[in-house]
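See below for the structure under consideration.
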Amino acid sequence: MPLVFEIPDEFPALAARLADAAGAVIRPYFRALPGIDFKSDSSPVTLADREAESAMRDILRTARPGDGVWGEEHGAENMDAEWVWTLDPVDGTRAFTAGKPLFGTLIGLMHQAAPVYGVLDQPIMNERWEGGIGRPAQLNGKPARARACASLGHAYLNTTTPDMFSPGEWRAFKALSAKTRDTLYGGDCYAYGLLASGHIDLVAEADLKLHDYAALAPIVDAAGGIMTDWQGRALNRDSAVSGSACVLASGDRALHAGAVELLHAAERDTAR
């Protein structure tokens, strides 16, 4: 991620306010949900999702009325603005509804359609990753750093669920998995925080929307890693132009290059 400008200090401070507000809404609902609804794609949504996003939007409406907002629950506003905030109040709603503290609140900031800063907040375990252009990654105010691992054979790979992949994507993922030391499942956005802190090496996923990856890519990059689509292209607003994107995050750039090459080869074999 090239340093083309400095993020004004007001933005990280505002993002922290948003995370605090979302956490205050979410915590009372954890393991005490009154009910769960389902969207048209059968994914769950709760009062915690909706109310937490509303709380963040209320703050943005007052603090940055000219900015755009892309939220998972309440849609898009002013997407042509110079600065656009992406909000995913509960990334990992299935884990949340099951009482598992492996979900997170994602707050991303885009400048001219490019993700430049992100916050990943886990409000139950009180863990907060943040980072972006010109701002090294931190976990609870202390430096977070991805680890070196240039060999696929030594890498720990993570994905949330096989259900997110199409048949062709699943075959490509399995080809990558077969070359790694171990593959772990579950975690949603929390897995990217673990990668940024040097605990796992690769995350490969599919069917991610803008609000899923816009906050995570800057954090991974700021931790010394790299997060792209499966073709190795930088993630931006248009990466999900067809509705979703396949993403690959790595704590080591050499490892990332090898994983991209392997995914390409597997996709070519599938296409034959």
Side-chain angles (χ1 to χ4, degrees), residues 10-79 81 83-110 115 117-130 140 160-161 186-193 207-216 218-219 240 243-244:
E10 67 179 291
F11 288 128
L14 178 54
R17 284 181 58 201
L18 299 179
D20 289 344
V25 172
I26 291 166
R27 279 188 288 271
Y29 284 119
F30 185 63
R31 298 180 180 170
L33 284 171
I36 304 167
D37 293 328
F38 291 88
K39 303 178 187 178
S40 58
D41 63 359
S42 297
S43 61
V45 61
T46 69
L47 287 173
D49 297 78
R50 293 174 174 139
E51 292 179 8
E53 184 172 318
S54 292
M56 291 189 284
R57 283 178 176 265
D58 286 346
I59 292 171
L60 288 173
R61 199 170 289 117
T62 299
R64 298 284 306 178
D67 290 353
V69 181
W70 173 289
E72 180 181 19
E73 306 305 334
H74 299 302
E77 300 176 13
N78 198 20
M79 289 297 288
W83 299 95
V84 175
W85 298 83
T86 63
L87 306 175
D88 191 345
V90 181
D91 182 86
T93 302
R94 288 183 173 88
F96 177 74
T97 58
K100 297 169 65 174
L102 296 178
F103 63 92
T105 297
L106 296 178
I107 300 161
L109 178 66
M110 296 194 302
Y117 179 79
V119 169
L120 190 177
D121 187 67
Q122 212 306 311
I124 306 304
M125 294 187 285
N126 294 315
E127 294 180 316
R128 183 176 298 174
W129 286 268
E130 60 97 7
N140 291 349
T160 298
T161 172
D188 296 283
C189 63
Y190 194 75
Y192 297 84
D207 197 30
L208 266 64
K209 311 297 192 293
L210 178 62
H211 54 261
D212 295 312
Y213 62 76
L216 296 172
I219 296 171
S244 61

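The structure presented is a predicted model; accordingly, all values stated were derived computationally and were not measured. Residues take their numbers from the sequence shown, with the count starting at 1.
For the atom pair NE2 (His211) and CD (Glu72), the distance works out to 3.5 Å, reported to the nearest 0.5 Å. A distance of 7.5 Å separates CH2 in Trp85 from CZ in Arg64, rounded to the nearest 0.5 Å. Considering NE2 of His74 and CG of Asp49, their distance stands at 9.0 Å, rounded to 0.5 Å. Between atom CG of residue Leu109 and atom CZ of residue Phe11 there is a gap of 5.5 Å, rounded to the nearest 0.5 Å. The CD1 atom of Ile26 sits 12.0 Å away from the CG atom of Leu47 when rounded to the nearest 0.5 Å. Summarising the geometry, atom CG belonging to Asp91 is positioned 7.5 Å from atom OG1 belonging to Thr160; distances are rounded to the nearest 0.5 Å.
At least one side-chain heavy atom of Tyr29 sits less than 4.5 Å from a side-chain heavy atom of Glu51. By the 4.5 Å heavy-atom criterion applied to side chains, Leu106 and Thr86 are not counted as neighbours. In this structure, the side chains of Arg31 and Pro101 come closer than 4.5 Å at one or more pairs of heavy atoms. At a threshold of 4.5 Å between non-hydrogen side-chain atoms, the residues Leu14 and Ile59 count as touching. Taking the side chain as every heavy atom from C-beta outward, Phe96 and Thr46 approach each other to under 4.5 Å. Counting heavy atoms from C-beta outward, Tyr117 and Glu130 have side chains that approach closer than 4.5 Å. Put simply, the side chain of Thr161 does not reach to within 4.5 Å of the side chain of Arg94, judged on heavy atoms. The shortest side-chain heavy-atom distance between Val84 and Met79 falls under the 4.5 Å cut-off.
No donor-acceptor distance shorter than 3.5 angstrom exists from the side chain of Gln122 to the backbone of Tyr190, with no hydrogens or angles considered. For the pair Ser244 (side chain) and Leu208 (backbone), a donor-acceptor distance under 3.5 Å is absent.
In this structure, Gly23 and Pro123 approach most closely via the heavy-atom pair CA-CB, 3.9 Å. In terms of heavy atoms, Thr105 sits closest to Pro89 at OG1-O, 2.7 Å. Taking both residues in full, the closest heavy atoms of Gly66 and Asn78 are given as O-ND2, 2.8 Å, listed atom of the first, atom of the second, then distance. Across every non-hydrogen atom of Pro115 and Ala214, the tightest pair is CB-O, 3.4 Å. Heavy atoms only, all atoms of each residue included: Val25 and Ala48 are closest at CG1-O, 4.2 Å. Between Ala15 and Ile107 the shortest heavy-atom distance is O-CD1, 3.6 Å.
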The test is side-chain contact (heavy atoms from CB on, under 4.5 Å); show your working for Leu60 and Leu87 and say whether it passes. CA-CA 11 Å; Leu60 288 173; Leu87 306 175; 4.2 Å; yes
Let's go through Lys209 and Asp212 carefully: what are the C-alpha distance in whole Å and the side-chain angles of both, what is the deciding distance for salt bridge (charged side-chain N to carboxylate O under 4.0 Å, His left out) to 0.1 Å, and is it a yes or a no? CA-CA 5 Å; Lys209 311 297 192 293; Asp212 295 312; 5.4 Å; no
Derivation and outcome, salt bridge (charged side-chain N to carboxylate O under 4.0 Å, His left out), residues Asp188 and Lys100: CA-CA 11 Å; Asp188 296 283; Lys100 297 169 65 174; over 6 Å; no
For Arg27 and Asn126, what are the C-alpha separation, side-chain angles and deciding distance, and is it a side-chain contact (heavy atoms from CB on, under 4.5 Å)? CA-CA 11 Å; Arg27 279 188 288 271; Asn126 294 315; 4.2 Å; yes
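Taking the six-membered ring where tryptophan is involved, the planes of Phe103 and Phe30 are tilted, since the angle between them lies from 30° to 60°.
A salt bridge is defined here as a Lys NZ or Arg NE, NH1 or NH2 lying under 4.0 Å from an Asp or Glu carboxylate O, and Asp20 with Arg17 fails to meet this definition.
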